[in-house]
Amino acid sequence: MTNPFYLSTPIYYVNDVPHIGYAYTTVATDALARYRRMMGDEVFFLTGTDEHGQKVEKSAALQGISPRELADRVVGRYQTLWQEMTISNDDFIRTTEVRHKEAVQHLWKIVEEKGDIYLGEYEDWYCTPCETFLTDHQLVNGACPDCGRKPERLKEESYFFRMSRYGDRLLDFYEKHPDFVQPLARRNEIVQFIRGGLRDLSISRTTFSWGIPVPGNPKHVIYVWFDALTNYLSALGYPSNRERFEAFWPARVHVIGKDILRFHAVYWPTFLMAAGLPLPKQVFSHGWWTVDGEKMSKSKGNVVDPGAMIRQYGADPFRYFLLREVPFGLDGDFSEKALVGRFNADLANDLGNLFSRVTTMLNKYCGGKVVRTGEGGELQSRAEAVLAAVDRHMGNLAFHLALQEIWGLINAANRFVDRQAPWTLAKDPGRRDELDAVMYHLVETLRLVTLLISPVMPETAKKCAALLGMGEKDFRKEALVWGKLSDGMEIPRAEPLFPRREKKPVSSVPKREVTKPKRAQGKDLLSIEEFGRLDLRSGVVREAEPVPKSDRLLRLKVDTGDPEPRQVVAGVAGSYSPDDLVGREVVVVCNLKPAKICGVESCGMILAVEGKDGLALVGFDESVGPGKKVR
Ligand code: MSP
């Protein structure tokens with residue numbers, strides 16, 4: 001195999017339902033998997049569920065069902081969510097599968113034959129929610145340092161793994177592989193921990209039975225972390241499918257959250273050393289999400305359900321937000337308001353607007369056809385720099401930086417449109433070549449942006465690709481160079497990619513103060529002649545774009561039946577995107593005194609009312625066309 005790239009998420013516990021934390025690890029790993037596939041690697045992307053252990057057994061008992069039933073139920077929820085989030089995993093491993101049980105027992109036997117497993121007696125504190133034994137000095141005020149709950153005192157016969165033997169070898173490995181744990185700060189913590197001395201590890205339990213039996217002594221079940229970590233081998237067909245195993249192992253990267261780093265960066269490498277297997281190339285530990293500044297917890301009722309976010313905003317915007325908002329590796333805070341903010345600013349305004357204005361202009365001024373022109377130009381050099389930077393950042397799992405680069409290119413293209421003003425070039429037949437070159441550079445930028453966003457926003461990329469006449473085969477390394485857009489290609493106008501959302505989440509929109517209209521009396525009443533002076537007409541919006549430096553205003557070109565479209569500035573940007581408005585029929589007050597609003601001249605007013613979620617435009621029951629008198 002030329003470029004194998006094996007990457008994994010942790011396997012998720014089935015005593016909890018999927019929340020944003022799990023979605024985060026999975027989306028990040030998926031984005032990396034998709035990027036590596038596009039770059040031509042042989043990717044094997046694994047996720048799955050961790051189904052054994054006392055926690056699951058207890059949880060099932062509380063619900064009056066068997067652990068197996070509980071697992072089956074929750075696994076279905078994970079699998080559905082991953083589908084909804086367009087996760088492209090190549091396998092899904094469940095620790096209750098036979099293939100997994102065989103691998104775990106095999107690994108156990110090998111380590112045992114090596115003399116690294118012995119039977120002893122264990123007495124210590126045990127934190128059931130975390131499935132971890134704790135020593136006196138690890139407790140914080142008598143409680144578990146991770147979850148803050150009181151541990152139980154446990155004394156039992158137990159098998160031990162001679163982890164103490166591997167401290168020096170592990171330190172040596174860390175020295176030789178400085179990139180093994182990322183980010184660096186976390187690596188240093190782990191090295192300190194190993195330097196403090198490794199103790200032998202208890203790796204079996206007799207106090208419950210929901211687990212994989214120890215070979216030769218079924219009174220014991222295998223410790224859930226020895227069981228769970230082995231999933232990374234069992235999914236490759238270890239030990240029976242040597243060919244496949246050798247093709248992909250060692251894993252290129254295990255993506256995990258910071259809370260489970262020690263298991264992956266200390267326990268797992270020492271198990272593998274004992275079994276004589278190569279160690280993974282990297283463990284990347286990301287940070288944790290809080291919600292509106294607080295730790296997520298069921299009791300606080302602030303657990304973010306990824307399913308609800310997807311239904312509200314779509315999978316791609318949610319994926320984009322998770323990876324853009326917070327540097328991968330650091331902690332971050334989730335708020336729906338921030339998600340809506342990014343949706344409107346980055347997706348509707350920057351990305352969506354670029355696609356619609358470029359394809360609209362191509363159709364309006366060039367009959368929808370691209371004319372291939374020479375190399376060079378500012379967009380080309382910018383795009384080439386961005387391609388290189390994105391590759392570097394994806395190599396470091398710095399998704400936020402990769403996205404920042406891509407948006408740098410999108411914004412450069414938006415500015416290029418403003419500066420080159422294709423609408424002016426189009427007026428002068430002598431500048432046709434210039435116009436063609438500008439449009440070629442813009443559409444070529446759209447093509448590259450489509451490829452670059454595809455790992456994070458696969459569905460949007462598919463839509464954009466269809467528009468640009470690209471198929472699946474075009475998502476590959478060779479296409480990631482400037483100048484691959486064919487001459488004469490016909491491109492239709494883009495439908496709006498991301499219709500704008502309300503600024504605030506629906507759930508927290510404060511009630512609007514609605515002032516009741518007063519009934520006019522006496523001299524306030526309007527005569528029919530006075531009303532007749534109003535030039536109210538139907539209009540069709542032909543162009544719409546944001547007014548720079550204003551959140552509220554859009555500059556519209558409205559066809560009101562006059563020879564030239566009329567420019568109107570409307571304060572509707574909080575409720576409508578420019579894309580929503582183009583083609584829309586509106587009511588226009590045409591004989592309003594022209595005024596300058598934010599430096600832009602406005603010759604008329606569009607009628608709207610205060611609706612449920614913002615402004616709602618006044619319209620017609622049927623399509624009437626431009627320039628009809630409203631009476
Ligand atoms: N079953 C173990 C992993 C075994 S891997 C061999 C486990 N499961 S878990 O379901 O509790 O957690 C899975 C992942 O979700 C972890 O990487 C964890 O860091 C991540 N997250 C859980 N809550 C999180 C947040 N609030 N924020 C970000 N990630 C979080 O541990």
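Start at 1 and go down the list; that is how both ligands and their atoms are numbered.
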Quick one: which ligand 1 atoms are inside 4.0 Å of a heavy atom on [X]?
{"X": "Met296", "result": "26 (N)"}
{"X": "Asp50", "result": "1 (N), 2 (C), 4 (C)"}
{"X": "Trp289", "result": "25 (C), 26 (N), 27 (N), 28 (C)"}

Report yes or no: does [X] have a heavy atom closer than 4.0 Å to ligand 1?
{"X": "Trp268", "answer": "no"}
{"X": "Trp225", "answer": "yes"}
{"X": "His264", "answer": "yes"}
{"X": "Ser285", "answer": "no"}

- request: Indicate, as side chain, backbone, both or neither, the part of Asn231 found under 4.0 angstrom from ligand 1 when only non-hydrogen atoms are considered.
  value: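 For Asn231, only side-chain atoms sit under 4.0 Å from ligand 1.
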- request: Check Phe263 against ligand 1 and report side chain, backbone, both or neither, counting heavy atoms closer than 4.0 Å.
  value: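 No part of Phe263 is near ligand 1 at this cut-off.
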task: Only counting residues at least two apart or in another chain, list the ones meeting salt bridge (Lys or Arg N to Asp or Glu O under 4.0 Å) with Asp90.
output: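 In terms of salt bridge (Lys or Arg N to Asp or Glu O under 4.0 Å), with neighbours along the sequence ignored, Asp90 is linked to Arg37.
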- prompt: Got a sec, which residues hit salt bridge (Lys or Arg N to Asp or Glu O under 4.0 Å) with Glu102, two or more places apart in sequence or on another chain?
  reply: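 Salt bridge (Lys or Arg N to Asp or Glu O under 4.0 Å) list for Glu102, sorted by chain: empty.
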Starting from [atom], locate the nearest protein heavy atom and write down its residue, its atom name and how far away it is, to 0.1 Å.
{"atom": "atom 18 (C) of ligand 1", "value": "Asp259 OD1, 3.4 Å"}
{"atom": "atom 2 (C) of ligand 1", "value": "Ile11 O, 3.4 Å"}
{"atom": "atom 13 (C) of ligand 1", "value": "Tyr12 CD2, 3.4 Å"}

[X] vs [Y] aromatic rings, parallel, tilted or perpendicular, using cut-offs 30° and 60°?
{"X": "Tyr6", "Y": "Phe248", "answer": "perpendicular"}
{"X": "Trp225", "Y": "Tyr13", "answer": "perpendicular"}
{"X": "Phe180", "Y": "Phe173", "answer": "perpendicular"}

field: Nearest-option assignment for atom 15 (O) of ligand 1, heavy atoms, candidates Tyr22, Tyr24, Tyr232
entry: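 That would be Tyr22.
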